[in-house]
Every structure is written in C-alpha cells, then in structure tokens.
There are 2 protein chains.
Amino acid sequence: MSPKATSRLAADAAALYELEAQIGFVLRRSHQRHVSIFAECMADLSLTPQQFSALVKIQDEAAVSQNRLGRLTAMDPATILGVVQRLVQRGLVDRSPDPVDPRSTRLTLTTKGQALVTSAVPMAREATDRTLARLTPAERKDLLRLLSKLATGENE
Amino acid sequence: MSPKATSRLAADAAALYELEAQIGFVLRRSHQRHVSIFAECMADLSLTPQQFSALVKIQDEAAVSQNRLGRLTAMDPATILGVVQRLVQRGLVDRSPDPVDPRSTRLTLTTKGQALVTSAVPMAREATDRTLARLTPAERKDLLRLLSKLATGENE
DNA sequence: GTGGTACTGTTTGCATACAAATAGTAAGTC
DNA sequence: GACTTACTATTTGTATGCAAACAGTACCAC
C-alpha cells in the first residue's frame with residue numbers, strides 16, 4: 001500500500017466536503033437559474049415551467065387523463081392535481097369525465113389554451129437558449145446526453 | 001437561400017417541441033432523481049439536501065449569520081429561515097444574538113449537530129456516487145464542469 | 001447629526017414536490 | 001359472483017422556493 005493510500009484512509013473521515021463540487025448542489029443551482037430565466041421569458045404569459053409542460057403534453061396527446069399527464073411531465077398525482085386546477089381556473093384546460101372509465105378525467109385544451117401554448121413555445125425556446133448561452137453546440141449536446149443518463153430509469 | 005432554409009422558416013412556427021429534449025425538463029428530472037436518492041441514503045438521519053448543506057456550511061464557518069448562510073447555500077432569506085428553524089427545533093443548531101450587530105443572528109452547531117454532520121457526510125457521498133453511477137469518471141468531470149458553467153454568474 | 005441607502009431578519013402568499021392515506025372503480029383470477 | 005390487485009383522483013401534512021412588503025438597524029455622505 002502506498003503512503004498516499006494510507007493517508008487517504010485517514011483523510012476520508014475528516015476530509016473536506018466541498019459542497020460546491022457535489023452533483024446535487026450544482027444540479028439544484030443550475031435548475032434554479034433556469035427556472036429564473038424561464039420566468040423572465042414567460043413573464044407576459046405567466047406560465048411556470050410545469051404549467052407549460054402540462055399544456056404542451058395535453059396538446060401532443062389531444063386528450064389525456066390527469067395521472068397520465070403527470071407521468072408524461074414527471075409530476076406525481078398530488079402535484080399534477082394542483083397544476084391542472086390552476087390551468088382549469090385560468091380557462092386554459094377543460095376537464096370532462098372519461099366516457100369509458102368513470103375513474104378517469106379527460107383533459108383537453110380550450111381555444112384560449114391552444115392559443116397560449118402556441119405563443120408560449122417561442123418564449124420557452126428562448127429560455128432554453130439563454131440557459132445554455134455559455135455552452136458551445138457540442139457542449140450542449142454533451143450536457144443533454146449526460147443529464148439524460150442521470151434522469152432516466154431506476155434509482156440504482 | 002437554400003430550400004432547406006426556406007422550409008425551416010415554415011417549420012419553426014409549428015415545429016415539434018420535444019419536451020424531453022429541453023434542458024429545463026432534463027434538469028428538473030435529474031434533480032428529482034438525485035433528491036430521491038439522497039432521501040434514501042439519508043433516511044436514518046432525516047436530513048434534506050438543504051438541511052445538510054446548511055449544517056455543512058455552519059461547520060465550515062464555525063459561526064454564520066442567517067442571511068450569509070443562505071447565500072452560501074443558494075437559498076433566499078425566506079427559504080433559509082424555514083430551514084434554520086427546523087434545525088434549531090431539532091437541537092442541531094444554536095441561535096444567539098450577534099455581539100456586534102444587533103440585526104444579525106449568530107448560528108453555530110450544537111454538539112448534537114456536530115455529531116450528526118460527521119455521520120451524515122459519508123451518506124451524502126454515497127448519494128453523490130449513486131446519482132453518478134452510470135457515468136464514467138471522465139463523464140462525471142465533464143458534467144460537473146458543464147453544470148458549473150450553467151449555474152455560476154448572472155442571468156445573461 | 002441628519003438623510004439616504006443598504007442590509008438584518010421576518011411575514012404573507014403562491015407554486016411545486018412528495019409521502020401517506022383515502023374512496024371509488026377496473027380487471028384479473030378462481 | 002366474490003376476491004385480490006391495481007389504478008383513478010383526492011386529501012393532508014411537511015418542506016422547499018421565491019416575490020413582495022415590512023420593521024429595525026448600520027453605514028456612509030454631507
């Protein structure tokens with residue numbers, strides 16, 4: 001065993017824990033900054049990233065159940081409930097009972113909701129661009145790839 | 001102008017907006033997964049990432065004001081207030097008036113808090129490792145570097 | 001020393017985020 | 001058809017996260 005390995009054992013216990021170099025801290029900061037930029041870009045439309053995600057996915061699917069929408073947008077049932085309620089309250093989304101499954105709710109975009117998503121997409125693209133502004137195209141691609149490896153799949 | 005460029009103009013308006021390929025969505029999902037892993041690793045100690053961050057920084061500084069602690073851990077004054085209150089309530093942190101500036105609060109670790117951080121650091125390291133498990137050492141370094149470029153500095 | 005500016009901690013209000021528990025229904029097995 | 005299992009939406013409770021406004025104090029300029 002090298003002297004270096006020996007000293008590492010001793011160092012591990014009381015070793016400096018550099019918070020700023022931990023993936024969790026950097027992920028949280030990066031996400032905070034993006035949310036802040038997104039809010040600026042979307043100020044006129046007053047949409048949070050989660051609300052916008054929900055609108056986009058309802059549009060993609062034309063009609064979705066609430067829980068399925070939650071899975072598509074990575075929100076648990078309790079969270080997506082609140083998001084949908086606020087969108088319904090603003091007249092952007094319609095809720096109607098599912099004709100085949102009485103447990104299920106059918107979510108669709110209203111005309112107003114449809115129009116809002118359409119005008120929101122360019123703003124969301126701007127938020128993406130501003131968030132990634134300091135990275136080269138190659139770096140952006142790398143970052144997306146690496147983060148996707150982190151985000152996808154199970155906890156082990 | 002090439003035919004391709006022409007079609008791009010038309011495509012941009014109604015172009016497919018792929019939510020799963022947007023940096024914001026992937027950042028949110030990655031962060032969610034890390035928080036979930038962190039909670040598993042820290043289950044015995046019942047510390048959130050933010051609570052743990054605060055304890056580590058109080059230890060680093062020996063004594064800090066609440067607002068400064070918030071800046072060190074990337075939490076705004078309203079947020080750090082709640083985090084600190086919970087730590088004080090659990091007997092992990094002491095609050096005392098700052099001897100020189102009556103506006104300021106002096107935060108220090110209790111003996112119990114000191115002991116808890118010490119035993120929590122290895123668990124936090126495990127959470128980091130499990131979050132990054134699918135990446136090679138080179139990929140981990142790249143990811144940290146790219147995320148740091150996103151997180152640091154101003155919004156423009 | 002008076003006044004403006006900046007900083008301390010705090011409160012309120014709103015929007016995620018999720019665990020845990022609930023009621024109701026669907027769909028399978030036997 | 002009764003039972004089990006799984007899925008629907010919902011409720012409650014706790015913990016961030018931040019904008020906005022607040023009272024109190026420091027500090028600096030003049």
Side-chain angles (χ1 to χ4, degrees), chain A residues 24-25 27-40 42-43 45-55 63-71 73-90 93 95-107 155, chain B residues 24-25 27-40 42-43 46-54 63-71 73-90 93 95-107 155:
Chain A
F25 188 76
L27 271 176
R28 186 165 68 89
R29 296 252 296 134
S30 306
H31 184 238
Q32 279 177 351
R33 178 161 173 274
H34 169 75
V35 170
S36 167
I37 292 173
F38 190 97
E40 281 179 30
M42 214 59 97
L45 304 183
S46 288
L47 286 179
T48 66
Q50 291 82 352
Q51 290 168 356
F52 174 71
S53 298
L55 292 177
V64 228
S65 76
Q66 189 171 284
N67 277 16
R68 173 162 164 76
L69 179 60
R71 287 189 293 272
T73 55
M75 292 182 250
D76 80 8
T79 303
I80 193 66
L81 171 71
V83 172
V84 166
Q85 281 176 343
R86 277 164 224 120
L87 295 175
V88 169
Q89 198 171 5
R90 283 175 62 179
V93 169
R95 303 187 57 152
S96 54
D98 186 298
V100 298
D101 188 341
R103 296 172 303 174
S104 195
T105 310
R106 208 179 110 96
L107 301 175
N155 276 2
Chain B
F25 187 77
L27 271 177
R28 186 165 67 89
R29 296 250 294 137
S30 304
H31 184 237
Q32 279 177 350
R33 178 161 173 275
H34 169 74
V35 170
S36 166
I37 292 173
F38 190 97
E40 281 180 30
M42 215 58 97
S46 287
L47 285 179
T48 66
Q50 291 82 351
Q51 291 167 356
F52 174 71
S53 297
V64 228
S65 76
Q66 189 172 283
N67 278 16
R68 173 162 164 76
L69 180 60
R71 288 189 293 272
T73 55
M75 292 183 250
D76 81 7
T79 302
I80 193 66
L81 171 70
V83 172
V84 166
Q85 281 177 341
R86 277 164 224 119
L87 294 175
V88 169
Q89 198 171 4
R90 283 175 62 179
V93 169
R95 305 187 58 150
S96 55
D98 186 299
V100 297
D101 188 339
R103 296 174 303 176
S104 194
T105 310
R106 208 179 109 95
L107 301 176
N155 278 2

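All of these numbers come straight from a predicted model, not from anything done at the bench. Side chains are part of it too, since the values below use all heavy atoms of this structure and drop only hydrogens, waters and symmetry mates.
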Students often get this wrong, so: under 4.0 angstrom with heavy atoms, is Val35(A) touching a base, only sugar-phosphate, or nothing?
nothing
Judged by each residue's nearest nucleotide on DNA chain D, which is more toward the 5′ side, Pro49(B) or Ala78(B)?
Pro49(B)
Rounded to whole Å, CG of Asp98(A) lies from C1' of dG24(C) at a distance of 15 Å
Can you confirm whether more than 12 heavy atoms, excluding those of Arg90(B), are under 6.0 Å from its CZ atom?
yes
If I take atom CD in residue Gln51(B) and atom C1' in nucleotide dT14(D), what distance separates them, rounded to the nearest angstrom?
10 Å
Taking OP1 and OP2 of dA9(D), is either one under 4.0 Å from a side-chain nitrogen or oxygen of Arg68(A)?
no
For dT25(C), does OP1 or OP2 lie under 4.0 Å from any side-chain N or O of Ser104(A)?
no
Can you find a side chain N or O atom of Gln85(B) that sits less than 4.0 Å from OP1 or OP2 on dT10(C)?
no
Partners meeting salt bridge (Lys or Arg N to Asp or Glu O under 4.0 Å) with Arg71(A) (sequence neighbours left out)
none
Residue-phosphate contact under 4.0 Å: Gln66(B) side-chain N/O, dG9(C) OP1/OP2
no
dT16(D) phosphate, OP1 or OP2: any side-chain N/O from Gln32(A) under 4.0 angstrom?
no
Tell me, do Arg106(A) and Pro99(A) make a side-chain contact under 4.5 Å, heavy atoms counted?
yes
Whole-Å distance between dG17(D) P and Phe38(A) CZ?
18 Å
Can you see if the side chain of Arg95(B) gets near the phosphate of dT10(C) - specifically, an N or O under 4.0 Å from OP1 or OP2?
yes
Might you point out which heavy atoms bring Leu47(A) and Met42(A) nearest each other, and give the distance in Å?
O-CG, 3.5 Å
Between Asn67(A) (CG) and dT25(C) (C1'), how many Å, whole number?
13 Å
With a 3.5 Å distance limit and no angle check, can you tell me whether Gln32(A) reaches the backbone of Ala74(B) through a side-chain donor-acceptor pair?
yes
Euclidean distance, atom CG of residue Leu69(B) to atom C1' of dG9(C) [Å, nearest integer]
13 Å
Determine: side-chain N/O of Thr105(A) to OP1/OP2 of dA9(D), distance under 4.0 Å, yes or no.
yes
Quick one: Arg28(B) CZ to dT16(D) C1', roughly how many Å, whole number?
15 Å
Evaluate Arg28(A) against Gln50(B) for side-chain contact (heavy atoms from CB on, under 4.5 Å), listing each step before the verdict.
CA-CA 10 Å; Arg28(A) 186 165 68 89; Gln50(B) 291 82 351; 3.7 Å; yes
N/O-N/O pairs, protein side and nucleotides 24-28 of chain D side, under 3.5 Å:
from	atom 1	to	atom 2	distance (Å)
dT25(D)	O2	Arg103(B)	NH1	3.4

Got a donor-acceptor contact below 3.5 angstrom from the Arg95(A) side chain to the Val84(A) backbone?
no
Rounded to the nearest angstrom, tell me the gap between atom CG in Leu81(A) and atom P in dT22(C).
18 Å
Take Gln66(A) and Ile80(A), measure what side-chain contact (heavy atoms from CB on, under 4.5 Å) needs, and give me the verdict at the end.
CA-CA 7 Å; Gln66(A) 189 171 284; Ile80(A) 193 66; 4.0 Å; yes
Would you indicate what Thr79(B) reaches in the nucleic acid, counting non-hydrogen atoms under 4.0 angstrom: base, sugar-phosphate, or nothing?
base
Quick check on dC14(C): is either OP1 or OP2 less than 4.0 Å from any side-chain nitrogen or oxygen of Arg86(A)?
no
Gln50(B) side chain, from C-beta outward: closest of dT8(C), dT16(D), dA15(C)
dT16(D)
Please report the distance, rounded to the nearest Å, between CG in Leu87(A) and C1' in dA15(C).
12 Å
Can you identify which nucleotide, out of dA15(C), dA9(D), dT16(D), has its nearest atom closest to the Val83(B) side chain?
dT16(D)
Closest approach to the side chain of Met75(A), judged atom by atom: which nucleotide of dG9(C), dA17(C), dT16(D) is it?
dA17(C)
